[in-house]
A.B. asks: 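Have a look at this one before I ask anything.
Only heavy atoms go into these numbers, but all of them, side chains included; no hydrogens, no water, no symmetry mates. Numbered from 1 within each chain, the chains take letters A, B, ... in sequence-line order.
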Amino acid sequence: MLAGQIAFYVLAAAAIGSGIGVIAFRNAVYSALSLIVNLFCLALFFLMLNAIFLATVQVLVYAGAIMVLFLFVVTMLSPENDESLPTPDRLGLWQRGAAVGLGIILAGAIGYIVVGQAALHPDAVATGAQDLASQISRNGNTEAFGQALFHGFLFPFEVTSVILVAAIVGAVVLGRRTSSREGE
Amino acid sequence: MAFTYAISGGDWARIAPELALLVAALLVMLVDALIPARLRGALVIIGVMGVLAALAGVIMLYASSGSPSAFGGMVTSDPLALFATLVILAATGLSLLLSPGYIERQGTRQQGEFYALVMLAATGMVLMAASTNLMMIFLGLELLSLPLYVLCAFAPGQQRAQESGMKYFLLSSFASGFLLYGMALIYGATGATNLGGINHFVATHAMSATAGFGPILLGGMALLAVGLAFKVSAIPFHAWTPDVYQGALTPVTALMSVGTKMAAFVALIRVFDVALAPVRADWQGIMWALAILTMVGGNILAATQTNVKRLLAYSSIAHAGYLLIGIALGTQAGIAALLYYMAAYAVMNVGAFGVVLALERVAGLGTNLDDYRGLASRRPALAAALAVFLFALAGIPGTAGFVAKYAIFAAAVTGGHAELTIIGVVASMIGFYYYLRVIWAMYFVPAPDMPAAEAANANPHLSLAGLNSAVVTKLAASGTPLAFSAGLALALALIGTLGLGIFPAPLISLARQAAGLP
């Protein structure tokens, strides 16, 4: 217990220190590197809370993929380097066809889930659907996480996808306007 | 907590209004990609149909029986959520109707995206009002905020619009951080993100709470209050409001001033007045102080404005102050009065912004108080409409604003906070000054080049040639024809403003039902 507490305070100090680093460094690359340290500390916090799956995802997604993206943007972004983006008005016929086909598949999948009402995993029901602790002990961390995400917290999860749609539309609006103004 | 809640079809029916708005948003984007550019103005029809479909959903849910809760306590369709949805739908529908003509005039080419973002923002507002879980409140808030950031910066090539969008984005994200940290602390203190669970924990531990979760819960409540107070633009978290409202396209401003407020006030009601009711002593003082600061400060700051859009922005801050009385009281009567006030505010405020919009030229020109001089002789119908809306905002009897103010002040007196009523009435007196200043400018101050304008009105073709170019521009501006849909929206808002003032009873009973009163 004592060792755990010491580890927590060391990690907390590192997390706060690197968090300050993110906003204090004048060089954007240093800020991004501090953010990696910060995200890594968070992953270790999850590990200390026995959330092994979350810790893994944290490292894979945030400290890995998203940080690489950050560094790419930081190093490549230069205002004068403006390449003309392909305009969506010039979609090829096969793209339209593919869009329609994929759209039908998506509609079918959603219809199946909504109408078919995806049932709980039998294991989850057997171990007492209400109790997270027994879920974890019986089925393991990852499966309990999956059950929670796609059953109890399915609705917030779905709403997040709508928020992402809004963000994408917003990015398209703001991004396209810049290029069209420069074209004038 | 049900981590393994199995979703059934009934859950989806409980969020019918949200689904209708979302489907409309997606349809707008889909149709936008398929039709030629010159037809894109017609996309507003899909938006309006989405609002009507959502309205049908609300009526269906009012008629339905059974438990209103859905998705394992994530959202609800209780009368409070339905009432808030009605207000948000009214604001969205009117804002949509005001948009055609105006957004083309402002040089907007991406109409499809504009309407899609408006619908997505409305979805977020309704969702936030229906949320009974801290996570859902946050997600609803983000869903309404993200489209609004973009919509604020929508006017192409206008610095003021970009300032508006950027300012709103940075400050609002910062406020969201406060909100989220507050939620995390409340979860840490109570072990629940579900409002029912929080209420249960607080109620059972309230007496023995002084040692254990006291500071954590207090900190969480304070941070949550900051985040939500920012969204309703209560003083001292109001500084963004005038700049953002002035720079944004006027239909967006109208939607924002009503929809965001309604959603955030429902969240305030659910979190503070319901879930945290057992520890009322801890937060009531904060809300009390916020209400007084916002009422007095908003009205005093509004009195010094010379731009009508900024004036209405400060007036919306002042109205947030009156509404905060309903939160500070913590009584059901206070909540009912707040809800009625919000409905009245929706029609009169969107109406006022609608007239501003009809008179506005490109890049926010024509919104200064000086531009309104002599309006009564140039555009008598618009001037009369604006006068009614401003009288209603000031709270003159016979309008919705009077009934709303009366209800909320009466609730304050019966709730044992007569001092809030006294301060509110004094603050409204200051409010009279600046609303009447606009009306005075319209009716009793002649326009600077009145004789020329009159001559041009008498025979435009003959006399236009002889006028200097400044006057011609002015005439062209004041003569912008009102789009049919905008006229319809103004007429509806006018009917609402006067109707709610003369026959307030049905809506009051609906508001009382939403607040849990018989």
A.B. asks: For B:Met135, I'd like to know if atom CE has over 12 heavy atoms of other residues, nucleotides or ligands within 6.0 Å.
C.D. replies: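 Atom CE in B:Met135 is crowded, with more than 12 foreign heavy atoms closer than 6.0 Å.
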A.B. asks: Just checking B:Phe169: does its CZ atom have more than 12 heavy atoms from other residues, nucleotides or ligands closer to it than 6.0 angstrom?
C.D. replies: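 Open.
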A.B. asks: What part of B:Leu22 gets closer than 4.5 Å to chain A, counting heavy atoms only: side chain, backbone, both or neither?
C.D. replies: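 Contact with chain A is through the side chain of B:Leu22 alone.
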A.B. asks: Is it the side chain or the backbone of B:Leu146 that comes within 4.5 Å of chain A heavy atoms, both, or neither?
C.D. replies: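 Side chain only.
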A.B. asks: Contact part of B:Leu144 toward chain A, heavy-atom cut-off under 4.5 Å: side chain, backbone, both or neither?
C.D. replies: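 For B:Leu144, no heavy atom lies under 4.5 Å from chain A.
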A.B. asks: In terms of heavy-atom pairs under 4.5 Å, which option from A:Val169, A:Leu164, A:Val165 contacts chain B the most?
C.D. replies: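 Highest number of heavy-atom pairs under 4.5 Å: A:Val169.
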A.B. asks: For B:Leu151, is it the side chain, the backbone, both or neither that has a heavy atom under 4.5 Å from a heavy atom of chain A?
C.D. replies: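 Answer is neither: B:Leu151 stays 4.5 Å or more from chain A.
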A.B. asks: Hey, is the main chain of B:Phe71 close enough, under 3.5 Å, to the side chain of B:Asp11 for a donor-acceptor pair?
C.D. replies: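 Side chain of B:Asp11 to backbone of B:Phe71: a pair is present.
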A.B. asks: Select one option (side chain, backbone, both, neither) describing which atoms of A:Val159 are under 4.5 Å from chain B's heavy atoms.
C.D. replies: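 A:Val159 touches chain B through side-chain heavy atoms alone.
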A.B. asks: Taking B:Leu195's backbone N and O only, do any of them form a donor-acceptor pair with B:Thr132's side chain (distance below 3.5 Å, no angle check)?
C.D. replies: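 Not at all, since once roles are kept as given, no pair shorter than 3.5 Å links the two residues.
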A.B. asks: Would you say the ring centroid of A:Phe8 lies under 6.0 angstrom from that of A:Phe45?
C.D. replies: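 When the ring centroids of A:Phe8 and A:Phe45 are compared, they turn out to be within the sub-6.0 Å range.
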